[in-house]
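Notes follow once the structure below has been shown.
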Amino acid sequence: MVSRVIPVDPFDLVIFGATGDLARRKILPGLYRRFWAGQMPEGSRIIGAARTEQDADAWRASIRAAIEEFVAKSKHEAEVIDRFLACLDYVAIDVRGDGGWETLRDMMRQEVTQAFYFSVGPGLFGDLAERLHRYKIACETCRIVVEKPFGRDLDSAKALNATLAAHFDEQQIYRIDHYLGKETVQNLMAVRFANVLFEPLWNSQFIDHVQITVAEEVGVGGRGGYYDKSGAMRDMVQNHLMQLLCLTAMEPPSRFEPDAVRDEKLKVIRALDPLETHDIVRGQYRAGAEPSYLDDVEDPDSRTESFIALKVHVANWRWNGTPFYLRTGKRMKARTSEIVVQFKEPPHSIFEEDTGQRANMLSIRLQPDEGMDLRVTIKEPGPGGMRLVDVPLDMSFADALGPEAADVPDAYERLIMDVIRGNQTLFMRGDEVEAAWAWTDPVVAGWVDRGDRPMPYEPGSAGPEDALILLHRDGRRWREIG
Ligand code: BG6
């Protein structure tokens, strides 16, 4: 099955921070893949802007190298790469300075969609927004794209929202959470709202609990400086895991439209009970032959968590009594992200006690091998009487839809195309981000007040022992990682 590619209208996209890591690894390779697939029209332009004094050819050469490094070989076609690079231009701009802005203004076309990607630290958002206006570069319908972290607490997020609101309407602001661009995350909405099968069962009467796991094998590596001031709660839970929780728990929106979806997500965040201390487990990878967290950061006494597990309650009619267990960590035994919906056992069993009957389980795999797995109970074949057995109805998208389906667009390329199309459904609204910080802040403040220390865990493990106990004490178990 070949997926349909609908070209977007030609655009001018300016990337501030064009020589940075995100631009090299994700944004430009992603745009190239869309160009290769025929979605980005040739009349479009990508203008790199950064402090480095260089000409367009030098930037094109570095992007050629980035494509060779980060795009699959099967898409390396010299002639296509040349045509893509011909869409690139460059202007040297120091965001806090005054040089280069007039050149940029002269480069911009008024008749096409304009977008500005702020791939710079949030400390520069204000200067950037102000200069785009002062130099009359941004037109009234332009779009701006901002990266996470969107603040580090409620106050800083409010300040950022106010800074952007001084120059742009909310409809112009695209706050990226790249988890929303992942194929399976959108499939979660399709599964829930395009099938009659699940929705009647999607509540505390039939669902025992939900597990959301985002486990990474990598450590904090070269990002220790940023990460140590952030930790798993701010870096992953406040945004990515929160979004997965919202999409799993939200009420059906009336339409698949930006504000209809975002209104429902916001209601979930606002329905979250404050976290209790005994429902939180923090960890830090230590010991073993591998470098420990403390080798990866500057502070030898760092109390920042590289792992967190939480028991979360969504206090509304649908979910009363069904906990959501969330966990995420670095240097864990495998790279696995999944949402597991554990259904309850049938209310009454007509079969013998010892037949091994189990409850249904739906797991939605974000990575690797995106797909879904529904476990159902059937009769074990053979003459041995009515013995029940638990089997998977396992579907990998690649197996079910053909090899092209495995070649799903990376989250960034999908999201950038949505910016050009003017579709905000997969972007966070300002009030959503603030509500998520309002829930996160007291938890982090509590750790600081108490001088809380994360529990050590072995690199390559499933996190600290206490994370297992968090579920054991409720008579439940985490799914194996990997
Ligand atoms: C980022 C976090 O937002 O997401 C990183 O800052 C994390 O710490 C990354 O490694 C995980 O993204 P993915 O797409 O690799 O699961």
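The analysis underlying the following values was restricted to heavy atoms, covering all of them including side chains, and did not include hydrogens, waters or symmetry mates. One-based numbering, in listed order, for ligands and for the atoms of each.
- Near ligand 1, heavy-atom contacts under 4.0 Å come from Lys148, His178, Tyr179, Lys182, Glu216, Arg223, Asp235, Met236, His240, Lys330, Arg335, Gln367.
- Between Phe116 and Phe16, the ring planes are parallel. Angles under 30° get that label, and only those over 60° would be called perpendicular.
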(Q) Could you walk me through whether Thr184 and Asn187 satisfy the side-chain hydrogen bond (donor to acceptor under 3.5 Å, both in side chains) test, starting with their C-alpha distance in whole Å, then the side-chain angles of each, then the deciding distance to 0.1 Å, before giving a yes or no? (A) CA-CA 5 Å; Thr184 324; Asn187 233 314; over 6 Å; no
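- Checked by atom type and distance alone, the side chain of Asp441 never pairs as donor or acceptor with a backbone atom of Ala438 at under 3.5 Å.
- Ion pair Lys333/Glu458 not flagged as a salt bridge, since none of the NZ, NE, NH1 or NH2 atoms sits closer than 4.0 Å to an Asp/Glu carboxylate oxygen.
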Q) After noting the C-alpha distance and the side-chain angles of Asp418 and Tyr174, does the key distance pass the side-chain hydrogen bond (donor to acceptor under 3.5 Å, both in side chains) rule? A) CA-CA 9 Å; Asp418 276 359; Tyr174 291 71; over 6 Å; no
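- In this structure, Gln54 has no side chain to side chain donor-acceptor pair (under 3.5 Å) partners at least two apart in sequence or on a different chain.
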